[in-house]
Peer 1: 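Handing you this structure, nothing more for now.
Quick note on labels: first sequence line is chain A, next is B, and so on, each numbered from 1. Heavy atoms only: backbone and side chains are in, while hydrogens, waters and symmetry mates are out.
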Amino acid sequence: MSDGNHETYTPAAIEEKWQRLWEERGTNTYGDEALAAADRPFYNLMMFPYPSAEGLHVGNIYAFTGADVYGRFRRLQGDAVFEPIGFDAFGIHSENYALKVGTHPMELIPKNIANFTRQLRRTGAMYDWNHTVDTTDPRYYRWTQWLFLQLYKAGLAEKREAPVNWCPGCHTVLANEQVIAGECERCGTAVEQRYLSQWFFRITDYAQRLLDDLSWIDWSETTKKAQENWIGRSEGAELRFPIARRRVAEDRHEPARLHAEPPVIRVFTTRPDTVFGATFMVLAPEHPLVDALTSDDQRAAVEAYRARIATMDVVARKKTDKEKTGVFTGGYCINPATGEEIPVWIADYVLMEYGTGAIMAVPGHDDRDFEFATKFALPIRRVVAEAADPEAMPGAPGAREDGTPAVSEAEALARSAAEPLTEAYTGPGVLVNSDRFNGMRWDEAKRAITDWLAERGLAEPRVNYRLHDWCISRQRYWGPPIPILYCDRCGTVPVPEADLPVVLPYVEDYKPDESGVSPLARVEEWYRVPCPECGGEARRETDVSDTFLDSAWYFLRYPSAGRDDVAFDRALTKKWLPVDMYIGGEEHAVLHLLYSRFITMVLHDLGHIDFEEPYVRFRKHGLIIKDGAKMSKSRGNVVVPDEYIERFGADAFRTYLMFLGPYQEGGDFRDQGLQGPYGFLSRLWDCVVPVAMLGDAPIEGALEQKLHATIRKVTEDLAELRYNTAIAAMMEYLNAVREGGRRANRSEVEPLIVLVAPFAPHIAEELWQRLGHERSIFERPTEGEAAARPAGWRSVAGGNWPVFDPEKATVDVVEFVVQVNGKVRARIPVERGIREDEARAAALADENVRRFVNGNQVRKVIFVPDRLINLVVA
RNA sequence: GCGAAAGUGGCGGAAUCGGUAGACGCGCGAGACUUAGGAUCUCGUGGGCACGCCCGUGGGGGUUCGAGUCCCCCCUUUCGCACCA
């Protein structure tokens, strides 16, 4: 629709131009000095991508654009925003893909990174390309290895034999967090349990701190909750059940060993109040005491059961709803509360990884124990009686003044002590069948019984966590080698820091196998090295570290990227960290986000940094679906961003992504939806270009009011990442400017261009330039520029972002609602600030209102200033 | 089973504090312009009819002058954890 005079909006040309100019002028990048000298630093971080061969997908762009919009918003407000990007390129994901296509990862990854870089530039985000990281670069992973050594020296990294999750598909060990419902997060293969010697980070030492800090960090609530659940703190007690030696010793083959082992079985329980009801004990099949407890006549059955469990895959074993299985060991232990001998069983519903790997079974008050006891005909004893009503409990509200329950104790006890249980009772109540503790509230009994047993050394209060230590060994090729040497004479020797990096060698055949060792173990010339301590023969650790270690500290590296003398510079780190705003996916709620918090705490404790939480503020973004369904290759509904960007431009694509739903909840991508934002930008263009056609009149009246209301709305919404409603407000304002096809004035559109800039930076730059500005809209304006603004235009200090005038942001005439008996009967325009009596008179002047009042007496009037009046009639 | 979030037009989604339900956009309808239209512009667009109202935010109760919003019960969906003692 070009009419010679009119220039059409051509996003491709404009965007190409500005991306080139940004690069040439260094608009978005910092030199080393500038980075060190920046005032009002704001570290705007987004989760760096894994550079897949498929290229950037729409989910990446959605995440990054939301973060970039925020960064640009802060920058327009005068902050010195540091917005880096990098590549998380090590790991099983990359390696598996390389294997699939038959290209070595050392060739594949640089290609992918080049492709990603091209695509990322095309999205128009303001990345600082002077400060990027690539985790596979030896200049980066040198410091990943350094980090490992710091943990090693601090005693936080240790090698130990442990049951680990082995993925038979990926041929490697996985961290607990990488096992989803018993399956490998990457390939979906059922995970097996193996006993291997692995490197662990003692993250459990930090469990309480990781939990405590959640109370003050400013994060999305759901993310905090996920971490809280993952850490899984439970309070209770460790109880000790002495082994009934008499019975065990009779059957023992090696009686001498008996004395070497502790003559007790330790259990963790959150219900020490129910110990009088512990009628048997269950150990995990792998429990080390099983052998000692097993009697000769039960040995065959026990061995068979253990063998069956050992070969069972983890998915099958962890199924909650399968029928309970188990076998009696023939051994007994003594209930420390009752003194009774109780039988010891093994069953796979007890997990070796949690607590002590043994439980006291209280079938009366635990669903699982009840099921087990029922199946194997074990005694079930009630020790907690449900009070007639909660008020009846001693000390409860409604209890008598002397603290005794409203229902008599005797009554409650008598009623239910003898009553048989048809299912486990897990609720609150009063103790029964518990000797001296009868009649005590269950919650008080927890402490009382623990104390009572503790006097005899049979219990102590205990806090347990679900969190496990972080297994970082991977028997794979594509990762940083763990910087450890094994010497026959000196044992485990850390690689001296001066010898870092331990470079990952080029290995032609890097395919993993069943052996349980890394492909690097096949490269003798690499792993055979002299011991740095004795000079004798040593052997390198051949496992590489988990990818999540690479990403656990990358945010510390960005400002110091390119520095070869330190992992992170002290002064730069002090200036820029912790991260001011971190935006990323919820899928990392318990992986990356927990690990990087842990690593940061460790570095803090070791004196390397002066903060212990890496991200002051974290916001999760939502997920994009396509036409109401998850995107997947098999469904064939994957959005390829390049095509859309080519057709509509990055500006429209970005704006659409931010418009299609609340950013923190995600939304539904529909091809036709792009028309809206594209049309919006086109109309904005048509309003401003050619600039010579713009009017010079100052903004005034209702439009001025609307502008200020829009500035307020957009400013507030952007601060809270409510991008969709901010865009809607801008659309509304532009519609008002164009009302009736009138010619726009410069004073009406210039502020709008700044508001649009975070979403559509290219068109904003272009229009800004055409309006006569020489410098980027994102640069801090000079005094001259600030002074040359149209009348009534005010901006925040140091930026072009407009400031609204609260006086002007409110309307003079409001549409006032008149209700009769709560139903809307009229809408009348009134002056803002109208008094109740005036409003009432105006309401009653309305014909329709009068019709409904119908001469009846007005019994009550509800008046909400500037909103409504409600007349209540008989 | 536990934890978290959410159910609003044909669709994506709006709606600070309990105060005009459906902003904005898509789609659709009518019209204008046009050789043409998957372009652009204008107007309309929750349902119903007696054209003034009635009905409408998953279902059922309740509180209130007034409920999408608060309370109780139920249903559905999505996500996370899942034999965690």
Peer 1: Rounded to whole angstrom, note down the C1' distance from B/C17 over to B/A4.
Peer 2: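 Per the computed distance, 26 Å lies between those C1' atoms.
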
Peer 1: Whether the side chain of A/R381 engages the backbone of A/T279 through a donor-acceptor N/O pair (distance < 3.5 Å, no angle test) should be reported.
Peer 2: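 Not a single qualifying donor-acceptor pair exists.
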
Peer 1: Answer yes or no: is there an ion pair linking A/E847 with A/R850, defined by an N-O contact shorter than 4.0 Å?
Peer 2: no

Peer 1: B/C70 and B/U76: how far apart are their C1' atoms, nearest whole angstrom?
Peer 2: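 Result for the C1' pair: 22 Å, nearest Å.
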
Peer 1: Given the P atoms of B/A6 and B/G10, what is the spacing between them in whole Å?
Peer 2: 23 Å

Peer 1: Let's go through A/R851 and A/D846 carefully: what are the C-alpha distance in whole Å and the side-chain angles of both, what is the deciding distance for salt bridge (Lys or Arg N to Asp or Glu O under 4.0 Å) to 0.1 Å, and is it a yes or a no?
Peer 2: CA-CA 9 Å; A/R851 204 158 63 79; A/D846 185 274; over 6 Å; no

Peer 1: Given atom OH of A/Y733 and atom P of B/G25, what is their separation to the nearest angstrom?
Peer 2: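 After rounding, the gap between these two atoms is 16 Å.
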
Peer 1: If we take the P atom in both B/G68 and B/U63, what is their distance in whole Å?
Peer 2: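 These two P atoms come out 16 Å apart once rounded.
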
Peer 1: Nearest heavy atom decides the nucleotide; on that basis, is A/G666 or A/I359 closer to the 5' end of RNA chain B?
Peer 2: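 It is A/G666, whose closest nucleotide lies nearer the 5' terminus.
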
Peer 1: For RNA chain B, please output the secondary structure as dot-bracket, reading 5' to 3'. Pairs are Watson-Crick or G-U wobble, both atom distances under 3.5 Å; mark crossing pairs with [ ], other-strand partners with |, unpaired with a dot.
Peer 2: (((((((..(((......[....)))((((((.......))))))(((....)))..(((((..]....))))))))))))....

Peer 1: Which nucleotide wins on minimum distance to the side chain of A/R670, given the candidates B/C11, B/G19, B/C81?
Peer 2: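 Between B/C11, B/G19, B/C81, the one nearest the side chain of A/R670 would be B/C11.
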
Peer 1: Does B/C11 have its OP1 or OP2 closer than 4.0 Å to a side-chain nitrogen or oxygen of A/K626?
Peer 2: no

Peer 1: Taking OP1 and OP2 of B/A14, is either one under 4.0 Å from a side-chain nitrogen or oxygen of A/N724?
Peer 2: yes

Peer 1: Below 4.0 angstrom, N of the basic side chain to O of the carboxylate: do A/E238 and A/R240 qualify?
Peer 2: yes

Peer 1: Pick the P atom in B/U35 and in B/U45, then give their distance to the nearest Å.
Peer 2: 32 Å

Peer 1: Hey, is B/C17 sitting syn or anti, using the within-90° cutoff around 0?
Peer 2: syn

Peer 1: Choosing from B/A23, B/C83, B/G19, which nucleotide comes nearest the side chain of A/E732?
Peer 2: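 Of B/A23, B/C83, B/G19, B/A23 is nearest to the side chain of A/E732.
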
Peer 1: Anything under 30° is parallel, anything over 60° is perpendicular, the rest tilted; go ahead and classify A/Y9 against A/W685.
Peer 2: tilted

Peer 1: Which nucleotide wins on minimum distance to the side chain of A/T725, given the candidates B/A14, B/C24, B/C65?
Peer 2: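 The answer is B/A14, which lies nearest to the side chain.
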
Peer 1: Write down the distance between CH2 (A/W230) and C1' (B/C79), rounded to a whole number of angstrom.
Peer 2: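 Going from CH2 in A/W230 over to C1' in B/C79 covers 15 Å.
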
Peer 1: B/G38: syn or anti, with syn meaning chi within 90° of zero?
Peer 2: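 The base of B/G38 is oriented anti (glycosidic angle more than 90° from 0).
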
Peer 1: NA contact type, A/F863, heavy-atom cut-off 4.0 Å: base, sugar-phosphate, or nothing?
Peer 2: nothing

Peer 1: Before we go on, tell me: are the rings of A/W345 and A/F376 under 6.0 Å apart, centre to centre?
Peer 2: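 Ring centres of A/F376 and A/W345 closer than 6.0 Å.
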
Peer 1: Check every strand shown and say whether A/V872 touches a base, only sugar-phosphate, or nothing at a heavy-atom separation below 4.0 Å.
Peer 2: sugar-phosphate

Peer 1: Given B/U40, is OP1 or OP2 found less than 4.0 Å from the side-chain N or O atoms of A/R683?
Peer 2: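 Checking A/R683 against B/U40: no side-chain N or O falls below 4.0 Å of OP1 or OP2.
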
Peer 1: Students often get this wrong, so: under 4.0 angstrom with heavy atoms, is A/R851 touching a base, only sugar-phosphate, or nothing?
Peer 2: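 Sugar-phosphate contact only - A/R851 comes under 4.0 Å of backbone atoms but never of a base.
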
Peer 1: Of all the choices, B/C83, B/G3, B/C81, which nucleotide is nearest to the side chain of A/R466 once you look at every atom?
Peer 2: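 Between B/C83, B/G3, B/C81, the one nearest the side chain of A/R466 would be B/C81.
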
Peer 1: Rounding to an integer number of Å, can you tell me how far A/E665 CD sits from B/C79 P?
Peer 2: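 Going from A/E665 (CD) to B/C79 (P), I get 15 Å.
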
Peer 1: Using 0.5 Å steps for rounding, measure from the CG atom of A/L467 to the CG atom of A/N229.
Peer 2: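 Here the rounded value is 12.5 Å.
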
Peer 1: Over 60° means perpendicular and under 30° means parallel, so classify the ring planes of A/H365 and A/Y425, tilted if in between.
Peer 2: perpendicular

Peer 1: Within the pair A/R825 and B/G66, is there a side-chain N or O less than 4.0 Å away from OP1 or OP2?
Peer 2: no

Peer 1: Counting only side-chain N and O atoms of A/Q819, is one of them less than 4.0 Å from OP1 or OP2 of B/G66?
Peer 2: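 Result: no.
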
Peer 1: Below 6.0 angstrom between ring centroids: does that apply to A/F669 and A/Y644?
Peer 2: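 Distance test on ring centres: under 6.0 Å, yes.
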
Peer 1: Determine the Euclidean distance between corresponding P atoms of B/C74 and B/G25; express it in Å to zero decimal places.
Peer 2: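 Going atom to atom, P in each nucleotide, I get 42 Å.
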
Peer 1: Between atom OH in A/Y678 and atom C1' in B/C26, what is the gap in whole Å?
Peer 2: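 The answer, rounded to whole Å, is 17 Å.
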
Peer 1: In residues 651-660 of chain A, which residues come under 4.0 Å of RNA chain B by heavy atom?
Peer 2: A/F659, A/L660

Peer 1: Could you tell me the separation between the CG atom of A/D367 and the C1' atom of B/A82, rounded to a whole number of Å?
Peer 2: 14 Å

Peer 1: Whole-Å distance between B/G18 P and A/N870 CG?
Peer 2: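 Distance check: A/N870 CG to B/G18 P gives 17 Å.
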
Peer 1: Are the side chain of A/Y354 and the backbone N or O of A/N464 linked by a donor-acceptor pair below 3.5 Å?
Peer 2: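 Not a single qualifying donor-acceptor pair exists.
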
Peer 1: Compare side-chain N and O positions of A/K860 against OP1 and OP2 of B/C65 and report whether any pair is under 4.0 Å apart.
Peer 2: yes

Peer 1: Taking the ring centre of each residue, are A/Y663 and A/Y62 less than 6.0 Å apart?
Peer 2: yes

Peer 1: If you only use heavy atoms from C-beta on, which nucleotide in B/C24, B/A85, B/G27 is closest to the side chain of A/V350?
Peer 2: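 The answer is B/A85, which lies nearest to the side chain.
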
Peer 1: With the side chain of A/D348 defined as its heavy atoms from C-beta on, choose the nearest nucleotide among B/C83, B/G19, B/C26.
Peer 2: B/C83

Peer 1: Look at all strands and tell whether A/E815 reaches a base, only sugar-phosphate, or nothing, counting heavy atoms closer than 4.0 Å.
Peer 2: base

Peer 1: Think A/K324 forms a cation-pi with A/Y349, using NZ or CZ under 6.0 Å from the six-ring centre and within 45 degrees of its axis?
Peer 2: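 Positive - A/K324 is close enough to the ring of A/Y349 and near enough to its axis.
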
Peer 1: Would you indicate what A/N735 reaches in the nucleic acid, counting non-hydrogen atoms under 4.0 angstrom: base, sugar-phosphate, or nothing?
Peer 2: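 If one applies the 4.0 Å heavy-atom cut-off, A/N735 turns out to touch the sugar-phosphate alone, with no base involved.
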
Peer 1: Choosing from B/A85, B/A4, B/A14, which nucleotide comes nearest the side chain of A/P662?
Peer 2: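 Nearest nucleotide to the side chain: B/A14.
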
Peer 1: Roughly how many Å apart are B/C26 and B/G13, using the P atom of each and rounding to a whole number?
Peer 2: 16 Å

Peer 1: Of all the nucleotides listed (B/G3, B/C24, B/U20), which has the minimum atom distance to the side chain of A/K225?
Peer 2: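 The answer is B/G3, which lies nearest to the side chain.
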
Peer 1: Nearest to the side chain of A/T269 - B/A85, B/C81, B/G19?
Peer 2: B/A85

Peer 1: Between A/V824 and A/Y465, which has a closest nucleotide on RNA chain B that is more 5'?
Peer 2: A/V824

Peer 1: Rounding to an integer number of Å, can you tell me how far A/I265 CD1 sits from B/A85 P?
Peer 2: 20 Å

Peer 1: Just checking A/R447: does its CZ atom have more than 12 heavy atoms from other residues, nucleotides or ligands closer to it than 6.0 angstrom?
Peer 2: no

Peer 1: May I have the distance from A/F680 (atom CZ) to B/A23 (atom C1'), rounded to whole angstrom?
Peer 2: 15 Å

Peer 1: At less than 4.0 Å, is any side-chain N or O atom of A/S234 found next to OP1 or OP2 of B/A85? Yes or no.
Peer 2: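 For B/A85, OP1 or OP2 has a side-chain N or O of A/S234 closer than 4.0 Å.
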
Peer 1: Using the P atom in both, what is the distance from B/G60 to B/G22, to the nearest Å?
Peer 2: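 Approximately 22 Å lies between the P atom of B/G60 and that of B/G22.
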
Peer 1: Could you please name the option among B/C24, B/C65, B/A21 that lies closest to any side-chain atom of A/R827?
Peer 2: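 Minimum distance to the A/R827 side chain belongs to B/A21.
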
